[in-house]
Amino acid sequence: MNKKIGVLDSGIGGTTVLDKMVELLPNEEYVYYKDTKNNPYGEKSEEELYKIVKGIVTFLINKKNCKMIVLACNTATTKCMKKLRKEFPDMLFVGTVPAVKVACDNNYKHTLVLATPATIDSERMAELVKDNKKDDQEMILYPCPGLADAIEKGKKDKITQILKELKQKMQDKKIDSIVLGCTHYPLIKDQIEEYFPSIDLLDGSFGVAKEVKRKLENHNLLNQTNTFNIEYIDSEGI
Ligand code: DGL
């Protein structure tokens, strides 16, 4: 039996990463775990979130025959990845972090990083900035409480209100790029573009897909048969 790639997020955000993985690896079998029961992740404590994510990883390994787990969630990655790698040393993991490195490598000078409060507040976020930002580069870290939840639940008015407020707060700043540091945010790319026209939006999902491919190749774990499939699991249904 073919082994699968487990993909997890608190909700629909991770599909932005899954889509890119399917584009790059169309012969793989995927299990997409949508944690509706515990959504949103972005305002949970590290301890609470780790307990939840560890439970899902255990389920994907023991019940779903996964060869790799992809955290298609910046919050889960920045808060839990280091501990997960220690706890499951034999499992292959790939995470999603805000595309700060991409912004810095491409020499943007004034980058606005949008992410959940938990991601913005994480040690991993501070590390990303410290490791990549040059002296002549500015990185504005902006937590967006409620935005992922509003996207998940399709609350259009709330999304508009958050974007309006953001635009107002940033009106005196020079911004040349925006990092979409939550996998839900690319789902409202068009709306963000309306508020910030001609500013480059950076989203790390294709980079994640490339890393998945590279790791599977290196470990000789690519699916050898043509059996593409996606199984969707919702924590509310189990
Ligand atoms: N999509 C997730 C992320 O990338 C989490 C959103 C949430 O549940 O708060 O951070």
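Counting starts at 1 for both ligands and their atoms, following the listed order.
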Checklist line | Set of ring-ring contact (aromatic ring centres under 6.0 Å, His included) partners for Phe206, sequence neighbours left out | finding: none

Check: Residues two or more places apart in sequence or in another chain: which of them pass side-chain hydrogen bond (donor to acceptor under 3.5 Å, both in side chains) with Glu127?
Finding: Lys82, Arg124

Margin query: Cation-pi check for Tyr195 against Lys167: NZ or CZ below 6.0 Å from the six-membered ring centre and within 45 degrees of the axis, yes or no?
Written below: no

Margin query: For Tyr33, give me all partners under ring-ring contact (aromatic ring centres under 6.0 Å, His included), at least two apart in sequence or on another chain.
Written below: Phe59

Notebook entry, point to check: Should the pair Glu231-Lys64 be classified as a salt bridge under the 4.0 Å nitrogen-to-oxygen rule?
Noted result: yes

Note to self: Taking non-hydrogen atoms within less than 4.0 Å of ligand 1, which protein residues qualify?
What the structure shows: Asp9, Ser10, Pro40, Tyr41, Gly42, Cys73, Asn74, Thr75, Thr116, Ala148, Cys182, Thr183, His184

Item checked: Short N-O contact, Glu47 and Lys51, less than 4.0 angstrom -> no

